[in-house]
2 protein chains.
Amino acid sequence: MDDFKSIGTHLKSLLDDLVINLHTQLNNAGFPEIRPSHGYIFQYINEEGSRITELAGHAKITKQSMSALVYQLEDWGYLKRAADSRDKRGVLFFLTDKGISLQNMSRQINYDFERQWESRLGIANYQKFRENLQKLCISLK
Amino acid sequence: MDDFKSIGTHLKSLLDDLVINLHTQLNNAGFPEIRPSHGYIFQYINEEGSRITELAGHAKITKQSMSALVYQLEDWGYLKRAADSRDKRGVLFFLTDKGISLQNMSRQINYDFERQWESRLGIANYQKFRENLQKLCISLK
DNA sequence: AAATATAGTAAGGATGGCTGACTTTACAGC
DNA sequence: GCTGTAAAGTCAGCCATCCTTACTATATTT
């Protein structure tokens, strides 16, 4: 019945489920201002400090767009900035304690959600699915 | 090295590759005005005619958003409208010949792109991946 | 006949992207 | 040391895609 659906539709459907679950739970947990696009930052930010350009590159969006997202998170207390001692042009951003706890909570929420998928496919099958997905992404680099 | 990446990142990466490929090729083939969100319509439209509300429901966007997309495709000659004889409130939309040929081209482009993924994973493995993906979507309904 | 539901439109706002032009700083070659 | 180029960010302004709220017109149910 759903056979006519394309792979694109399936991928989008799965991704949407994940994202909606995450942000519904974050909202309920008292983080209503965090939106999907802020996820780029929590995904890619580095303990040694990350710069706008670097984050934008990973997220594949412009520096300007990334800049706006980062400044919001800074305003809300999830990030703090520091001058880059080796390059006066750059600004380094770090997660605050609040940022780290949000990052951990997000990971836990997604981890728990994946366990639901796992129980649908069975552990071995889900493992296989994960591996195949990862292979497709890596080889596409 | 990419191990830290979450499943969400992987899904998004794969989906982006597919969508970028499709729209790059459509662009080159002389359909520059078609954007990713128009895909909803080509994906879900019915031979017997589809209505705004019905399409919006499948795409999980509002009637207003779908309305705007449908009117664009109508302006560009991909869709034609007809009154619904059984319900004067409704409007039925159909693909024109131009719309059908775009739909066919899109399917072919995505089909060809999937063959690249298939050759990366091997046919049996890719088949398995496809099945698992589909299972996850169906059971989520 | 009245109440309610449904199809679609209208207006306006939030979000998430983009481009182009700009400043400041870094670096490489002469 | 100059000079030219590149790189990090910012600012301004644009567009697309979604949303909410409110509305009209038609159907349906009671």
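Residue numbers start from 1 in every chain, and the chains themselves are labelled A, B, ... in the order their sequence lines are given, proteins ahead of strands.
The NZ atom of A:Lys63 sits 11 Å away from the C1' atom of C:dC22 (whole-angstrom rounding). To the nearest angstrom, C1' of C:dG8 lies 14 Å from CD of B:Glu54. Look at CE on B:Met66: it is 18 Å from C1' on C:dA10, rounded to the nearest Å. Taking atom CG of B:Asp87 as the reference point, atom P of D:dT29 lies 12 Å away to the nearest angstrom. A straight line from CZ of B:Arg86 to P of C:dT6 spans 17 Å, rounded to a whole angstrom. Rounded to a whole Å, the CG atom of A:Leu73 is 11 Å from the P atom of C:dG16. Separating the NZ atom of B:Lys60 from the C1' atom of D:dC19 is a distance of 17 Å, rounded to the nearest angstrom. Rounded to whole Å, the distance from NE2 on A:His58 to P on D:dA8 is 13 Å.
Between A:Phe129 and A:Tyr126, the ring-plane angle classifies as tilted under the 30° and 60° cut-offs.
Listed nucleotides: C:dG8, D:dC18, D:dA8. Nearest to the side chain of B:Leu69: D:dC18. Considering only side-chain atoms of B:Arg89, the nucleotide from D:dC19, D:dG9, C:dT6 that sits closest is C:dT6. Relative to the side chain of A:Arg51, the nucleotides D:dC19, C:dT25, D:dG9 differ in distance, and D:dG9 lies closest. Ranking D:dT17, C:dT19, C:dT15 by closeness to the B:Ser37 side chain, first place goes to D:dT17. Side-chain atoms of A:Ile52 lie closest to D:dG9 of the nucleotides C:dA7, C:dT25, D:dG9. Of the candidate nucleotides C:dC18, C:dG17, D:dG9, C:dC18 has the atom lying nearest to any side-chain atom of A:Gln64.
Dashed line: the shortest gap from a side-chain N or O of B:Thr53 to OP1 or OP2 of C:dG8 is under 4.0 Å. Distances shown here put every side-chain N or O of B:Ser67 at or beyond 4.0 Å from the OP1 or OP2 atom of C:dG8.
Screening A:Gln103, A:Gln72, A:Glu33 for a side-chain hydrogen bond (donor to acceptor under 3.5 Å, both in side chains) with A:Tyr78, the sole residue that qualifies is A:Glu33. Paired with A:His58 under the rule ring-ring contact (aromatic ring centres under 6.0 Å, His included), one option of A:Tyr40, A:Phe42, A:Tyr44 passes, and it is A:Tyr44.
In terms of position along DNA chain C, the nucleotide closest to B:Ser50 lies nearer the 5' end than the nucleotide closest to the other residue of the pair B:Ser50 and A:His38. DNA chain C is contacted by both A:Arg35 and B:Leu92; B:Leu92 maps to the nucleotide lying nearer its 5′ end (nearest heavy atom per residue).
Within the 4.0 angstrom heavy-atom criterion, only backbone atoms of the sugar-phosphate kind lie near A:Lys88; the bases stay farther away. Residue contacts shown for A:Thr62 include a base, since a base heavy atom lies under 4.0 Å away. Using a 4.0 Å heavy-atom criterion, one finds that A:Asp84 contacts no nucleic acid atom at all.
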Let me see the working for A:Arg130 and A:Glu118 under salt bridge (Lys or Arg N to Asp or Glu O under 4.0 Å), right down to the final yes or no. CA-CA 10 Å; A:Arg130 267 299 232 140; A:Glu118 193 175 62; over 6 Å; no
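A salt bridge links A:Asp16 to A:Lys12: one of the charged nitrogens lies within less than 4.0 Å of a carboxylate oxygen.
The shortest distance between side-chain heavy atoms of B:Leu95 and B:Leu73 does not fall below 4.5 Å.
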